[in-house]
Amino acid sequence: MRTIDWVGAVIPYPHEKITAGMTITVKPDGTFAERNIPRINLRSSWQTNFQVWTCERTGHLGVSGNPVKFIQGHNVYAPPGNVAICAAINQITKMLDLGEQPGNMPEDIMAAGRLTRTDIAENYVFSSPTECQTALMDFQTNARAKYWREKATVGTTTYFGKRSRHTYCKMYGKGDEINVHHISRAIPEHQRALIKMEAQNMARFEVTLADKYCAKHDLKIGDLTEERIDEIFQTMFDRIEFTPSMNIATDEILQLSDGTKIVYFAWKLGHDLNALGMAARTLRRHKTILREQFGINVDVPVQEQKDENMISIEEWNPAEQPKWADLQNKYGSSTQTGKESGSD
């Protein structure tokens, strides 16, 4: 399921001006160079922040942040469409006591909110953290983009078009992100452990629609229906040329001692095991382990026997949202502009 992972928007919502002071830069001649109105970092009960401000020129409400983390403390799973955005903004208006009648923002006003940025993401699940990391390295090595010129890598994260003001994307390990940016400690410990465990086996492809793209297509919060999100995401995903072609050993093989793994992989590659420099007794011990635990006779060439201890990653499977993470019922429904959206 494709979900919203970040939102920046300006909403035509009447409210008293949000004040957070002002920063003024003064030139050497005493004239003002610029004025900057700081944004408020509003902190939810999940200990995550959302930036909020009043636009000086229009008086509209500006918001920027991760709506999913703001309403539930993590973004491994998320509700569909713009449900999380609506829930986060309604929570903000209540926290700041905004509007003439504090409460949920009227749907038509929220739907008219002009997007300045939004991220759309999809998770892919693998059988183990090792398989996930191997798949990410395979993507990093072999993936090409039809549209984005710049390719950058940081660790196992791969970027295409990074810092573009139109669109860009990245592929990364969700477990890696959680290990660096911890999920909220306000989440019960048993659930936090479950979320971390599931994230270790996940890769995430994330598309960012930046300010110029949002302006060109006049995107509104209400446009982010499940159908429109799928359409935009698929268009961007189709720009990537990538065919999974990686073979990896099972976790059982990878957990063997270094010596036994050396014998196994040397045999897989067709090397002469007697040239490994091991003592005869040590080599016999490793051969016995492979024969008794895995049914592998390394004295027989690899081409002449079946080996089920290697996995071929030929397809990336989108992660399905588990029942315990069914968030739509918890946070309500989405809101729409009521207009039909054409394809981009």
Path from I92 to I18 over hydrophobic side-chain contacts below 4.5 Å: yes

Partners passing salt bridge (Lys or Arg N to Asp or Glu O under 4.0 Å) against E189 (at least two apart in sequence or in another chain): none

Summary of salt bridge (charged side-chain N to carboxylate O under 4.0 Å, His left out) pairs that have at least one residue in residues 280-289, sequence neighbours excluded: K287-D299

Q72 side chain vs I187 backbone, donor-acceptor pair below 3.5 Å: no

Crowding at CZ, R185 (>12 non-hydrogen neighbours, <6.0 Å): no

All side chain to side chain contact (heavy atoms under 4.5 Å, CB included) counterparts of S127, not counting sequence neighbours: E131

Side chain to side chain donor-acceptor pair (under 3.5 Å) partners for N309, two or more places apart: D307

By ring pair (Phe, Tyr, Trp, His ring centres under 6.0 Å) - contacts of F242 (at least two apart): F139, W316

Pairs meeting criterion ring pair (Phe, Tyr, Trp, His ring centres under 6.0 Å) with involvement of residues 158-209, two or more places apart: F205-F233, F205-F237

Pair K306 + E308, salt bridge at N-O below 4.0 Å: yes

Backbone of V76 reached by a side-chain donor or acceptor of H74 within 3.5 Å: yes

Stepwise side chain to side chain contact (heavy atoms under 4.5 Å, CB included) test for T225 and I229: CA-CA 6 Å; T225 61; I229 288 172; over 6 Å; no

L42 and M95, any side-chain heavy atoms less than 4.5 Å apart: yes

Atom pair CG (L136) and OG1 (T156), whose distance is rounded to the nearest 0.5 Å: 5.0 Å

Residues that T116 engages under side chain to side chain donor-acceptor pair (under 3.5 Å), provided they are two or more places apart: none

Residues that N274 engages under side chain to side chain contact (heavy atoms under 4.5 Å, CB included), provided they are two or more places apart: D272, L283

Note, T158 side chain near K170 side chain (heavy atom, < 4.5 Å): no

Single-linkage hydrophobic cluster, 4.5 Å side-chain cutoff, V125 and Y77 together: no

Q51, CD: over 12 other non-hydrogen atoms inside 6.0 angstrom: yes

Mutual orientation of the aromatic rings belonging to H15 and Y13 [parallel < 30°, tilted 30-60°, perpendicular > 60°]: parallel

Donor-acceptor contact present, side-chain Q305 to main-chain V300, <3.5 Å: yes

Flag side-chain contact, heavy atom, 4.5 Å: V7 against L115: yes

Rounded distance (nearest 0.5 Å) linking atom CD of E231 with atom CD1 of I120: 10.0 Å

M1 and P318, any side-chain heavy atoms less than 4.5 Å apart: no

Salt bridge D258-K261, side-chain N to carboxylate O under 4.0 Å: yes

W6 versus P67, closest heavy-atom pair with distance: CA-CD, 4.0 Å

N75 side chain to K69 backbone, donor-acceptor under 3.5 Å: no

Side-chain donor-acceptor contact under 3.5 Å, N66 with T48: no

Pairs meeting criterion salt bridge (charged side-chain N to carboxylate O under 4.0 Å, His left out) with involvement of residues 146-165, two or more places apart: E150-R163, R165-D211

Test item: Q200 side-chain N/O and S128 main-chain N/O as donor-acceptor pair under 3.5 Å: no

Flag side-chain contact, heavy atom, 4.5 Å: L273 against V263: yes

I40 reachable from I11 in the ILVMFWY side-chain graph, under 4.5 Å edges: yes

Side chain proximity check, H286 to V298, heavy atoms < 4.5 angstrom: no

Common cluster, I262/W267, ILVMFWY with side-chain heavy-atom separation under 4.5 Å: yes

Side chain to side chain contact (heavy atoms under 4.5 Å, CB included) evaluation trace for R239 with T167: CA-CA 11 Å; R239 295 176 176 179; T167 60; 3.3 Å; yes

Flag, side chain of N90 to backbone of C86, donor-acceptor distance under 3.5 Å: yes

Sidechain-backbone polar pair: N179 side chain, G175 backbone, donor-acceptor under 3.5 Å: yes

Co-membership, hydrophobic cluster, residues I109 and L96, 4.5 Å side-chain: yes

Flag, side chain of N41 to backbone of N49, donor-acceptor distance under 3.5 Å: no

Criterion side chain to side chain donor-acceptor pair (under 3.5 Å) against E122, the qualifying member of R204, Q234, R2: R2

Donor-acceptor contact below 3.5 Å, side chain T282 vs main chain M278: no

Partners passing side chain to side chain donor-acceptor pair (under 3.5 Å) against S64 (at least two apart in sequence or in another chain): none

Any side-chain heavy-atom pair of R228 and L219 under 4.5 Å: yes

Those residues that, when tested against E241, pass side chain to side chain donor-acceptor pair (under 3.5 Å) (two or more places apart): none

Closest non-hydrogen atom pair between Q91 and S44, with its separation: NE2-CB, 3.8 Å

Candidate pair D176 and Q133, rule side chain to side chain contact (heavy atoms under 4.5 Å, CB included), full reasoning: CA-CA 10 Å; D176 295 338; Q133 292 296 312; 3.2 Å; yes

More than 12 heavy atoms of other groups within 6.0 Å of Y147 OH: no

Carboxylate-amine/guanidinium contact R117 D119, below 4.0 Å: yes

Closest non-hydrogen atom pair, A203 against C132: N-SG, 3.8 Å

Check: M137 main-chain N/O paired with T141 side-chain donor or acceptor under 3.5 Å: yes

Spatial distance of atom OG1 (T118) from atom CG (L224) [nearest 0.5 Å]: 5.5 Å

Qualifying salt bridge (charged side-chain N to carboxylate O under 4.0 Å, His left out) pairs, either residue in residues 44-55, two or more places apart: none

Note: K220-D218 ion pair, threshold 4.0 Å (strictly below): yes

Minimum heavy-atom distance between A145 and I240, given as atom pair plus value: CB-CD1, 4.2 Å

Considering all heavy atoms, the nearest M236-V207 contact: CG-CG1, 3.6 Å

Atom of C214, atom of L209 and distance for their closest heavy-atom approach: SG-O, 3.5 Å

